[in-house]
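Keep in mind that the numbers below use all heavy atoms, side chains included, and drop hydrogens, waters and symmetry copies. The chains referred to below are lettered A, B, ... by the order of the sequence lines, with proteins before strands, and numbering in each begins at 1. As the structure is a prediction and not an experimental result, all values here were calculated from the model.
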Number of protein chains: 2
Amino acid sequence: MKIGELAKRSGLTAHTIRYYERIGLLPYADRDRSSRRDYDASILVWIEFLGRLKTTGMPIRDMLLYAELRERGSGSEAERRALLERHRESVRAHVDELNACLLVLDTKIGGYAETEQRMKDYDATLPERRRKPVGARSPRTG
Amino acid sequence: MKIGELAKRSGLTAHTIRYYERIGLLPYADRDRSSRRDYDASILVWIEFLGRLKTTGMPIRDMLLYAELRERGSGSEAERRALLERHRESVRAHVDELNACLLVLDTKIGGYAETEQRMKDYDATLPERRRKPVGARSPRTG
DNA sequence: TCTTGACTTAGAGTGCGCTCGAACTCGTAG
DNA sequence: CTACGAGTTCGAGCGCACTCTAAGTCAAGA
(Lines give C-alpha, C1' and ligand atoms only; values in the text may rest on other atoms or scores of the structure.)
Protein backbone atom coordinates (compact mmCIF):
# COMPACT_ATOMS: atom_id res chain seq x y z
CA MET A 1 0.00 0.00 0.00
CA LYS A 2 1.35 3.43 -0.97
CA ILE A 3 1.08 6.47 1.24
CA GLY A 4 -1.95 7.89 -0.59
CA GLU A 5 -3.89 4.70 -0.06
CA LEU A 6 -2.87 4.56 3.60
CA ALA A 7 -3.93 8.18 3.96
CA LYS A 8 -7.38 7.35 2.63
CA ARG A 9 -7.76 4.30 4.83
CA SER A 10 -6.40 5.82 8.02
CA GLY A 11 -7.98 9.22 7.77
CA LEU A 12 -4.60 10.92 8.19
CA THR A 13 -3.12 13.01 5.40
CA ALA A 14 0.02 11.85 3.61
CA HIS A 15 1.74 14.89 5.13
CA THR A 16 0.78 13.76 8.61
CA ILE A 17 1.88 10.19 7.97
CA ARG A 18 5.33 11.42 6.91
CA TYR A 19 5.42 13.73 9.91
CA TYR A 20 4.56 10.85 12.25
CA GLU A 21 7.30 8.74 10.73
CA ARG A 22 9.76 11.63 11.04
CA ILE A 23 9.13 12.04 14.74
CA GLY A 24 9.04 8.31 15.37
CA LEU A 25 5.36 7.69 16.01
CA LEU A 26 5.24 5.43 12.98
CA PRO A 27 8.06 3.00 12.27
CA TYR A 28 10.35 3.84 9.35
CA ALA A 29 8.47 2.43 6.37
CA ASP A 30 10.02 0.11 3.80
CA ARG A 31 10.53 1.83 0.44
CA ASP A 32 10.19 0.39 -3.03
CA ARG A 33 13.07 0.77 -5.51
CA SER A 34 12.04 4.32 -6.28
CA SER A 35 12.08 5.10 -2.54
CA ARG A 36 8.35 5.34 -2.13
CA ARG A 37 6.91 4.10 1.15
CA ASP A 38 5.16 0.76 0.88
CA TYR A 39 2.91 -0.19 3.76
CA ASP A 40 1.55 -3.41 5.11
CA ALA A 41 -2.10 -3.24 6.17
CA SER A 42 -1.07 -4.06 9.73
CA ILE A 43 0.09 -0.48 10.18
CA LEU A 44 -3.57 0.51 10.22
CA VAL A 45 -4.07 -1.18 13.57
CA TRP A 46 -1.28 0.86 15.09
CA ILE A 47 -2.52 4.10 13.54
CA GLU A 48 -5.97 3.41 14.87
CA PHE A 49 -4.60 2.87 18.34
CA LEU A 50 -2.60 6.08 18.10
CA GLY A 51 -5.86 7.77 17.18
CA ARG A 52 -7.42 6.52 20.41
CA LEU A 53 -4.52 7.84 22.42
CA LYS A 54 -4.85 11.15 20.65
CA THR A 55 -8.63 11.31 21.10
CA THR A 56 -8.15 10.73 24.80
CA GLY A 57 -5.75 13.65 24.96
CA MET A 58 -2.40 11.92 25.23
CA PRO A 59 0.35 14.31 24.15
CA ILE A 60 2.58 13.19 21.30
CA ARG A 61 5.61 12.96 23.57
CA ASP A 62 3.86 10.24 25.58
CA MET A 63 2.70 8.39 22.50
CA LEU A 64 6.32 8.54 21.43
CA LEU A 65 7.39 6.94 24.67
CA TYR A 66 4.86 4.17 24.16
CA ALA A 67 5.95 3.76 20.54
CA GLU A 68 9.56 3.42 21.64
CA LEU A 69 8.70 0.78 24.23
CA ARG A 70 6.79 -1.05 21.57
CA GLU A 71 9.71 -0.91 19.13
CA ARG A 72 11.91 -2.26 21.87
CA GLY A 73 9.66 -5.33 21.88
CA SER A 74 9.63 -7.83 24.68
CA GLY A 75 10.79 -6.76 28.08
CA SER A 76 8.88 -3.49 27.90
CA GLU A 77 5.39 -4.87 28.58
CA ALA A 78 5.28 -3.86 32.21
CA GLU A 79 6.28 -0.30 31.36
CA ARG A 80 3.80 -0.12 28.50
CA ARG A 81 1.09 -1.40 30.75
CA ALA A 82 1.97 1.11 33.47
CA LEU A 83 1.92 3.93 30.92
CA LEU A 84 -1.52 2.92 29.67
CA GLU A 85 -2.83 2.51 33.21
CA ARG A 86 -1.69 6.00 34.15
CA HIS A 87 -3.28 7.32 31.01
CA ARG A 88 -6.50 5.45 31.70
CA GLU A 89 -6.73 7.09 35.08
CA SER A 90 -6.25 10.53 33.63
CA VAL A 91 -8.93 9.85 31.01
CA ARG A 92 -11.33 8.65 33.69
CA ALA A 93 -10.68 11.77 35.70
CA HIS A 94 -11.26 13.90 32.64
CA VAL A 95 -14.54 12.13 31.88
CA ASP A 96 -15.68 12.81 35.44
CA GLU A 97 -14.76 16.46 35.03
CA LEU A 98 -16.66 16.66 31.75
CA ASN A 99 -19.72 15.11 33.33
CA ALA A 100 -19.58 17.69 36.11
CA CYS A 101 -19.37 20.43 33.48
CA LEU A 102 -22.34 18.92 31.68
CA LEU A 103 -24.42 19.33 34.84
CA VAL A 104 -23.43 23.00 35.03
CA LEU A 105 -24.28 23.39 31.37
CA ASP A 106 -27.67 21.77 31.94
CA THR A 107 -28.39 24.19 34.76
CA LYS A 108 -27.35 27.16 32.69
CA ILE A 109 -29.42 26.08 29.71
CA GLY A 110 -32.32 25.43 32.06
CA GLY A 111 -32.00 29.01 33.27
CA TYR A 112 -32.32 30.34 29.72
CA ALA A 113 -35.33 28.12 29.14
CA GLU A 114 -37.05 29.66 32.18
CA THR A 115 -36.21 33.15 31.01
CA GLU A 116 -37.71 32.43 27.63
CA GLN A 117 -40.82 30.99 29.28
CA ARG A 118 -41.23 34.12 31.42
CA MET A 119 -40.87 36.21 28.29
CA LYS A 120 -43.64 34.29 26.56
CA ASP A 121 -45.91 34.49 29.60
CA TYR A 122 -45.35 38.23 29.76
CA ASP A 123 -46.02 38.71 26.08
CA ALA A 124 -49.25 36.77 26.44
CA THR A 125 -50.51 39.34 28.96
CA LEU A 126 -50.08 42.19 26.48
CA PRO A 127 -52.88 43.32 24.18
CA GLU A 128 -52.33 42.00 20.66
CA ARG A 129 -50.88 45.24 19.19
CA ARG A 130 -48.16 45.62 21.89
CA ARG A 131 -46.45 42.27 21.63
CA LYS A 132 -42.68 42.15 21.27
CA PRO A 133 -41.51 41.98 17.68
CA VAL A 134 -38.30 40.02 18.26
CA GLY A 135 -36.06 39.88 21.37
CA ALA A 136 -36.85 40.86 24.95
CA ARG A 137 -35.21 41.55 28.29
CA SER A 138 -35.57 39.77 31.63
CA PRO A 139 -33.50 38.72 34.70
CA ARG A 140 -29.83 38.51 33.69
CA THR A 141 -28.88 34.90 33.76
CA GLY A 142 -25.34 35.75 32.61
CA MET B 1 -9.68 43.47 44.10
CA LYS B 2 -6.41 44.01 42.19
CA ILE B 3 -5.24 41.73 39.41
CA GLY B 4 -2.84 39.80 41.65
CA GLU B 5 -5.61 38.93 44.06
CA LEU B 6 -7.91 37.93 41.23
CA ALA B 7 -5.15 35.78 39.80
CA LYS B 8 -4.84 33.94 43.12
CA ARG B 9 -8.56 33.46 43.47
CA SER B 10 -9.28 32.48 39.89
CA GLY B 11 -6.29 30.28 39.26
CA LEU B 12 -5.39 32.25 36.14
CA THR B 13 -2.15 34.22 35.97
CA ALA B 14 -2.24 38.02 35.83
CA HIS B 15 -0.79 37.68 32.32
CA THR B 16 -3.67 35.50 31.26
CA ILE B 17 -6.25 37.80 32.82
CA ARG B 18 -4.86 40.74 30.85
CA TYR B 19 -4.75 38.59 27.73
CA TYR B 20 -8.40 37.60 28.21
CA GLU B 21 -9.37 41.23 28.62
CA ARG B 22 -7.39 42.16 25.53
CA ILE B 23 -9.20 39.66 23.35
CA GLY B 24 -12.60 40.40 24.89
CA LEU B 25 -13.20 37.29 26.97
CA LEU B 26 -13.25 39.44 30.10
CA PRO B 27 -14.98 42.82 30.10
CA TYR B 28 -12.72 45.89 30.15
CA ALA B 29 -11.99 46.34 33.86
CA ASP B 30 -12.42 49.61 35.72
CA ARG B 31 -9.09 51.19 36.67
CA ASP B 32 -8.16 53.14 39.78
CA ARG B 33 -6.55 56.61 39.44
CA SER B 34 -3.18 55.00 38.74
CA SER B 35 -4.77 52.92 35.98
CA ARG B 36 -4.62 49.64 37.81
CA ARG B 37 -7.44 47.21 37.22
CA ASP B 38 -9.87 46.97 40.11
CA TYR B 39 -12.20 43.98 40.10
CA ASP B 40 -15.51 43.18 41.69
CA ALA B 41 -15.76 39.65 43.10
CA SER B 42 -18.58 38.92 40.66
CA ILE B 43 -16.05 38.52 37.87
CA LEU B 44 -15.03 35.24 39.51
CA VAL B 45 -18.33 33.65 38.56
CA TRP B 46 -17.76 34.50 34.92
CA ILE B 47 -14.16 33.31 34.99
CA GLU B 48 -15.27 30.06 36.54
CA PHE B 49 -17.83 29.56 33.82
CA LEU B 50 -15.23 30.33 31.16
CA GLY B 51 -13.13 27.64 32.81
CA ARG B 52 -15.92 25.12 32.32
CA LEU B 53 -16.23 26.03 28.69
CA LYS B 54 -12.49 25.65 28.33
CA THR B 55 -12.39 22.34 30.18
CA THR B 56 -15.05 21.02 27.87
CA GLY B 57 -12.95 21.98 24.88
CA MET B 58 -14.72 25.06 23.61
CA PRO B 59 -12.31 27.08 21.46
CA ILE B 60 -11.70 30.69 22.50
CA ARG B 61 -13.40 32.03 19.40
CA ASP B 62 -16.67 30.42 20.54
CA MET B 63 -16.29 31.63 24.11
CA LEU B 64 -15.78 35.03 22.56
CA LEU B 65 -19.04 34.75 20.71
CA TYR B 66 -20.79 33.81 23.93
CA ALA B 67 -19.08 36.66 25.76
CA GLU B 68 -20.23 39.11 23.11
CA LEU B 69 -23.84 37.92 23.32
CA ARG B 70 -23.62 38.29 27.07
CA GLU B 71 -22.27 41.83 26.81
CA ARG B 72 -25.11 42.62 24.47
CA GLY B 73 -27.42 41.74 27.34
CA SER B 74 -31.08 41.06 26.87
CA GLY B 75 -32.30 39.96 23.51
CA SER B 76 -29.45 37.51 23.07
CA GLU B 77 -30.70 34.77 25.40
CA ALA B 78 -32.03 32.53 22.67
CA GLU B 79 -28.72 32.68 20.82
CA ARG B 80 -26.73 32.07 23.98
CA ARG B 81 -28.92 29.13 24.81
CA ALA B 82 -28.54 27.70 21.31
CA LEU B 83 -24.78 28.08 21.51
CA LEU B 84 -24.63 26.26 24.83
CA GLU B 85 -26.95 23.55 23.59
CA ARG B 86 -24.78 22.92 20.56
CA HIS B 87 -21.75 22.83 22.80
CA ARG B 88 -23.46 20.46 25.22
CA GLU B 89 -24.11 18.04 22.39
CA SER B 90 -20.52 18.11 21.29
CA VAL B 91 -19.36 17.50 24.86
CA ARG B 92 -21.74 14.58 25.21
CA ALA B 93 -20.46 13.12 21.97
CA HIS B 94 -16.90 13.54 23.16
CA VAL B 95 -17.68 11.83 26.47
CA ASP B 96 -19.15 8.91 24.56
CA GLU B 97 -16.04 8.73 22.44
CA LEU B 98 -13.82 8.80 25.51
CA ASN B 99 -15.80 6.01 27.09
CA ALA B 100 -15.39 3.94 23.96
CA CYS B 101 -11.64 4.58 24.09
CA LEU B 102 -11.61 3.54 27.73
CA LEU B 103 -13.00 0.16 26.75
CA VAL B 104 -10.23 -0.27 24.21
CA LEU B 105 -7.69 0.76 26.81
CA ASP B 106 -9.12 -1.76 29.25
CA THR B 107 -8.79 -4.50 26.66
CA LYS B 108 -5.23 -3.51 25.86
CA ILE B 109 -4.22 -3.36 29.50
CA GLY B 110 -5.96 -6.70 30.06
CA GLY B 111 -3.80 -8.11 27.26
CA TYR B 112 -0.60 -7.00 29.01
CA ALA B 113 -1.88 -8.46 32.26
CA GLU B 114 -2.30 -11.84 30.55
CA THR B 115 1.14 -11.62 29.04
CA GLU B 116 2.65 -10.92 32.40
CA GLN B 117 0.75 -13.85 33.90
CA ARG B 118 2.04 -16.18 31.18
CA MET B 119 5.55 -14.95 31.88
CA LYS B 120 5.20 -15.72 35.56
CA ASP B 121 3.75 -19.16 34.83
CA TYR B 122 6.62 -19.89 32.47
CA ASP B 123 9.24 -18.72 34.96
CA ALA B 124 7.69 -20.95 37.58
CA THR B 125 8.38 -24.00 35.37
CA LEU B 126 12.11 -23.22 35.26
CA PRO B 127 14.57 -24.65 37.77
CA GLU B 128 15.52 -22.01 40.37
CA ARG B 129 18.87 -20.99 38.78
CA ARG B 130 17.38 -20.30 35.32
CA ARG B 131 14.63 -17.87 36.24
CA LYS B 132 14.43 -14.53 34.39
CA PRO B 133 16.21 -11.73 36.20
CA VAL B 134 13.95 -8.87 35.09
CA GLY B 135 11.95 -8.53 31.87
CA ALA B 136 10.84 -11.25 29.49
CA ARG B 137 9.45 -11.80 25.99
CA SER B 138 6.12 -13.30 24.93
CA PRO B 139 3.40 -12.97 22.25
CA ARG B 140 3.52 -9.44 20.82
CA THR B 141 0.46 -7.65 22.06
CA GLY B 142 1.57 -4.44 20.33
C1' DT C 1 14.09 60.29 50.34
C1' DC C 2 14.76 55.88 48.69
C1' DT C 3 13.52 51.31 47.76
C1' DT C 4 10.46 47.73 46.92
C1' DG C 5 7.06 45.39 44.64
C1' DA C 6 2.85 45.22 42.39
C1' DC C 7 1.19 47.08 38.72
C1' DT C 8 0.99 49.19 33.52
C1' DT C 9 1.65 48.74 28.17
C1' DA C 10 3.10 46.91 23.65
C1' DG C 11 4.87 43.47 21.54
C1' DA C 12 7.85 39.33 21.04
C1' DG C 13 8.42 34.42 22.03
C1' DT C 14 6.90 29.52 23.08
C1' DG C 15 5.15 24.77 22.53
C1' DC C 16 2.13 21.93 20.31
C1' DG C 17 0.58 19.50 16.37
C1' DC C 18 0.31 19.73 12.31
C1' DT C 19 0.23 21.77 7.30
C1' DC C 20 2.11 23.48 3.38
C1' DG C 21 5.46 24.82 -0.40
C1' DA C 22 9.30 24.17 -3.44
C1' DA C 23 11.91 21.53 -6.14
C1' DC C 24 12.64 17.21 -7.56
C1' DT C 25 12.02 11.92 -9.18
C1' DC C 26 9.43 8.14 -10.95
C1' DG C 27 6.24 4.98 -13.49
C1' DT C 28 2.63 4.71 -16.54
C1' DA C 29 -1.01 6.13 -20.09
C1' DG C 30 -1.70 8.39 -24.38
C1' DC D 1 8.37 10.96 -26.20
C1' DT D 2 5.90 13.47 -23.22
C1' DA D 3 2.75 14.72 -19.87
C1' DC D 4 0.68 13.58 -15.62
C1' DG D 5 0.04 12.28 -11.10
C1' DA D 6 1.71 10.43 -7.14
C1' DG D 7 5.39 10.18 -4.68
C1' DT D 8 10.15 12.13 -2.39
C1' DT D 9 12.96 15.49 1.01
C1' DC D 10 13.74 19.54 3.59
C1' DG D 11 12.37 23.26 5.79
C1' DA D 12 9.26 27.05 6.53
C1' DG D 13 4.69 28.54 8.11
C1' DC D 14 0.38 28.36 10.74
C1' DG D 15 -3.32 28.58 14.40
C1' DC D 16 -4.05 28.20 19.01
C1' DA D 17 -3.62 29.70 23.66
C1' DC D 18 -0.96 31.42 26.22
C1' DT D 19 3.61 33.28 28.41
C1' DC D 20 7.08 36.28 28.96
C1' DT D 21 10.12 40.55 28.45
C1' DA D 22 11.20 45.31 28.61
C1' DA D 23 10.59 49.62 30.07
C1' DG D 24 8.05 52.41 32.69
C1' DT D 25 4.56 54.12 36.71
C1' DC D 26 3.02 54.45 41.23
C1' DA D 27 2.00 53.97 46.48
C1' DA D 28 3.49 52.70 50.72
C1' DG D 29 6.94 51.46 54.23
C1' DA D 30 11.89 51.97 56.34
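- Separating the CG atom of B/Asp32 from the C1' atom of D/dA28 is a distance of 14 Å, rounded to the nearest angstrom.
- For A/Arg92 and A/Glu89, the salt-bridge test passes: some basic side-chain N is under 4.0 Å from an acidic carboxylate O.
- Salt bridge absent: B/Glu79 and B/Arg86 never bring a charged side-chain N and a carboxylate O closer than 4.0 Å.
- Residue A/Glu21 contributes atom CD, which lies 16 Å from atom C1' of C/dC18 at whole-angstrom precision.
- Summarising the geometry, the separation between CD1 on A/Ile23 and C1' on C/dC18 is reported as 9 Å, rounded to the nearest angstrom.
- Residues passing the salt bridge (charged side-chain N to carboxylate O under 4.0 Å, His left out) test with B/Asp40: none are found, sequence neighbours excluded.
- To the nearest 0.5 Å, the span separating CD1 on A/Ile17 from CZ on A/Arg22 amounts to 13.0 Å.
- Aromatic ring orientation, A/Tyr66 versus A/Trp46: parallel (interplanar angle below 30°, classes split at 30° and 60°).
- A salt bridge links B/Arg81 with B/Glu85; the closest basic N to acidic carboxylate O contact falls under 4.0 Å.
- Proximity of residues 2-12 of chain A to DNA chain D (heavy atom under 4.0 angstrom from any strand atom) is restricted to A/Lys2, A/Ile3, A/Gly4.
- The two residues A/Ala7 and A/Ala14 come nearest to each other via the heavy atoms CB-N, 3.8 Å.
- Per the geometry, CG belonging to A/Leu64 stands 15 Å off C1' belonging to C/dG15, to the nearest Å.
- Taking atom OH of residue B/Tyr19 and atom P of nucleotide C/dG13, one finds them 18 Å apart after rounding to whole Å.
- Atom OH of A/Tyr39 and atom P of D/dG7 are 10 Å apart (whole Å).
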For nucleotides 20-26 of chain C, tabulate all protein N/O to nucleotide N/O atom pairs closer than 3.5 Å, reporting atom names and distance.
unit_1, atom_1, unit_2, atom_2, d
C/dT25, O2, A/Arg36, NH2, 3.3
C/dC26, O2, A/Arg36, NH2, 3.4

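- Using a 4.0 Å cut-off between charged nitrogen and carboxylate oxygen, B/Asp30 and B/Arg37 do not count as a salt-bridge pair.
- One interatomic measurement links the two molecules: CG of B/Asp30 to C1' of C/dC7, which rounds to 16 Å at whole-angstrom precision.
- In this structure, B/Ala14 and A/Leu25 both approach DNA chain C, and ranking their closest nucleotides by distance from the 5' end singles out B/Ala14.
- Using a 4.0 Å cut-off between a side-chain N of Lys or Arg and a carboxylate O of Asp or Glu, B/Glu68 and B/Arg72 do not qualify as a salt bridge.
- Map B/Ser35 and B/Met63 each onto its nearest nucleotide of DNA chain D; the residue landing nearer the 5' end is B/Met63.
- Contact annotation for B/Arg31: backbone-only contact, meaning every heavy-atom pair under 4.0 Å involves sugar-phosphate atoms and none involves a base.
- Within the structure, salt bridge (Lys or Arg N to Asp or Glu O under 4.0 Å) contacts touching residues 51-66 of chain A (residues at least two apart or in different chains) are A/Glu48-A/Arg52.
- The phosphate of D/dG7 has neither OP1 nor OP2 within less than 4.0 Å of any side-chain N or O from A/Arg37.
- Shown here for A/Leu25 and A/Ala67, the closest heavy-atom pair between the two residues is O-CB, 4.2 Å.
- Whole-Å rounding puts the B/Met1 CE to C/dA6 C1' distance at 16 Å.
- Taking only side-chain nitrogens and oxygens, A/Tyr20 never comes nearer than 4.0 Å to OP1 or OP2 of C/dG17.
- Within residues 50-62 of chain A, the residues having any heavy atom under 4.0 Å from DNA chain C are, by residue number, A/Lys54, A/Pro59, A/Ile60, A/Arg61.
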Side-chain donor-acceptor pairs under 3.5 Å in residues 96-104 of chain A, sequence neighbours left out?
unit_1, atom_1, unit_2, atom_2, d
A/Glu97, OE1, A/His94, ND1, 3.3
A/Asn99, ND2, A/Val95, O, 3.3

